Protein chains: 2
Amino acid sequence: MAAHLAALDSTASHRPGYVPAPIAMRGAAKVIALTGTRAPEADPFETMAETQAVGRDQMLFSEGDAARHVYRVVSGTVRLCKLLPDGRRQIIGFLQHGDMMGLSLAQNYLYSAEAVTSAVLQRIPRSRFEALMDEQPALARRLLSLTATELVAAQDQMVLLGRKTAVERVATFLLRLAARTIGGGRRVQLPMSRADIADHLGLTTETVSRAFTKLKTSGMIRLLDGHLVELTDREGLAAAAECA
Amino acid sequence: MAAHLAALDSTASHRPGYVPAPIAMRGAAKVIALTGTRAPEADPFETMAETQAVGRDQMLFSEGDAARHVYRVVSGTVRLCKLLPDGRRQIIGFLQHGDMMGLSLAQNYLYSAEAVTSAVLQRIPRSRFEALMDEQPALARRLLSLTATELVAAQDQMVLLGRKTAVERVATFLLRLAARTIGGGRRVQLPMSRADIADHLGLTTETVSRAFTKLKTSGMIRLLDGHLVELTDREGLAAAAECA
DNA sequence: CGGGTCCTTGACCCCCCTCAAGGTCTGTGG
DNA sequence: CCACAGACCTTGAGGGGGGTCAAGGACCCG
């Protein structure tokens, strides 16, 4: 999954095999303890973040809004969307525990952010965040690392959108989700709708649904219910995905 | 154009209206003077870069190679490619004067780099580059800024690949090229082949060619020759591009 | 002037989109 | 616990945009 800005956790969350901490404190208006501590400078979200809870489909900010905050997702799933004037939508990425957004340097947000499920986020005013980067040189380097990782994910998504077939796209998507799931993820939760998946993969809901059916029929996945998939043939899926 | 990592010039080259310096010293094995000087720390490419000249279609490095250098394009055009196992190709971006590549933090390059035209580049060993970032905190912040700009371009490209029609893609591509051209660019050079454009826009050469013909027929462009286009109706093009 | 590469155009086909209908799941209220 | 409404998902039938295959034209360079 093309998480927008990968985790700022001290643990290198973009490393393959990363296991997010179990979701706790749903809705709690309190600072979240991070796994692992880092010697010199503290995680800014640990010390100075506000917590914000949002309901399903609620909008956090809209494309074009003044970019006031930098966010990090604590729990739940968030989608980042860009719209064409006539309403066509592209979902840039889905964010989960630990992912960040709003880090672009533009004055305004360049995409909208909406809650896919009810979610909890932390946020820091951008002005304060930028001041922090002046004080803590290591912070800029850590963000550079995260942003570079995001860029790599974006490039993979370009290959997917530019050159892969519908089944390949869906297979790739499932494998990406699995890679972000606890234990490597034989079972994968799909918190988002088929329409969201379609707008992420450059397809329509119908085509996504048909691709799921094909993968099911060929024995690579089982649909436990509409939003929980079991990957029964990981190698077959990887072959169907033509690599990640 | 989705330049991979925008300029490290002291002049903020990702600002709209940026005018690259005229190409000079083609093939010269000497350090290139930069426009503008910056007070505290020097541009690393100014002081410690090797210069490398490559011929048309020559490969600079290949996907998977050990990432030894960070590059900056001095003159010419470079394409960054990703390949699927069966040979399908996606061009991540075209690089021109001032653009950087090789900054990802991975141990290996994640795409190939090839000269579209004969080109001149500067390069710095990654190890030295990273040491520099430790010494000069401002460098990391500048790179963060450049990488974030790249990420924005990548997101625009996702919208293009996921949701735009063939004509919209080509119109968008022409406007992006024009935005990077001297004087805003009523006339735009296309150094790359139709096949390159196709692999950048997620199309085939034939479809790209037909899209050019449609834009020509509807009076928005004139093909002065296969590789030089005049944008005769900028607003019409922008409408045909559906923004971006 | 000749050969090769690249570009354009045409004819045809297929994958995915569109439109439509029916099925499934979920949450809510009785 | 069940009934029901609504949203979501799946499946089918048909159509279209762009891919594929093929041929001819333009350009480049020796």
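Keep in mind that this is a model prediction, so the values were computed, not measured. Lettering follows sequence order; numbering is per chain, from 1.
Computed from coordinates, the A:Glu168 CD to C:dC15 P distance equals 12 Å when rounded to whole Å. For the pair A:Phe212 CZ and D:dC8 P, the interatomic distance rounds to 16 Å; values are reported in whole Å. Here the C1' atom of nucleotide C:dT24 and the CG atom of A:Leu228 are 16 Å apart, to the nearest Å. With rounding to whole Å, A:Asp86 atom CG is found 15 Å from C:dC17 atom C1'. Distance, B:Met192 CE to C:dC6 P: 15 Å, rounded to whole Å. Taking atom CG of B:Asp196 as the reference point, atom P of C:dC6 lies 10 Å away to the nearest angstrom. What separates CG of B:Leu161 from P of C:dC16 is a distance of 15 Å, to the nearest Å. Taking atom CZ of residue A:Arg56 and atom P of nucleotide D:dA7, one finds them 11 Å apart after rounding to whole Å.
Checking C:dC6, C:dT9, D:dT11 against the side-chain heavy atoms of A:Thr213 singles out D:dT11 as nearest.
Using a 4.0 Å cut-off between a side-chain N of Lys or Arg and a carboxylate O of Asp or Glu, B:Asp156 and A:Lys82 qualify as a salt bridge. Comment: A:Asp233 does not engage A:Arg222 in a salt bridge, judged by the lack of any side-chain N to carboxylate O separation of less than 4.0 angstrom. Using a 4.0 Å cut-off between a side-chain N of Lys or Arg and a carboxylate O of Asp or Glu, B:Asp199 and B:Arg194 do not qualify as a salt bridge. Taking a cutoff of 4.0 Å between a charged side-chain nitrogen and a carboxylate oxygen, A:Glu242 and A:Arg163 do not qualify as a salt bridge. The residues B:Asp196 and B:Arg89 are annotated as salt-bridged, a charged nitrogen and a carboxylate oxygen being separated by less than 4.0 angstrom.
Within 4.0 Å (heavy atoms only), B:Leu223 reaches sugar-phosphate atoms of the nucleic acid but no base atom. Among the protein residues, B:Ser193 comes within range of the sugar-phosphate backbone only, with heavy atoms under 4.0 Å from sugar or phosphate atoms but none that close to a base.
In this pair, B:Phe94 and B:His200 present their aromatic rings perpendicular. The plane angle is above 60°, beyond the 30 to 60° band.
No donor-acceptor contact under 3.5 angstrom links the side chains of B:Arg169 and B:Gln157, judged on distance only.
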- Item | Contact pattern, 5' to 3', of nucleotides 15-30 of chain D - B, S or - by protein heavy atom under 4.0 Å | ---SSBB---------
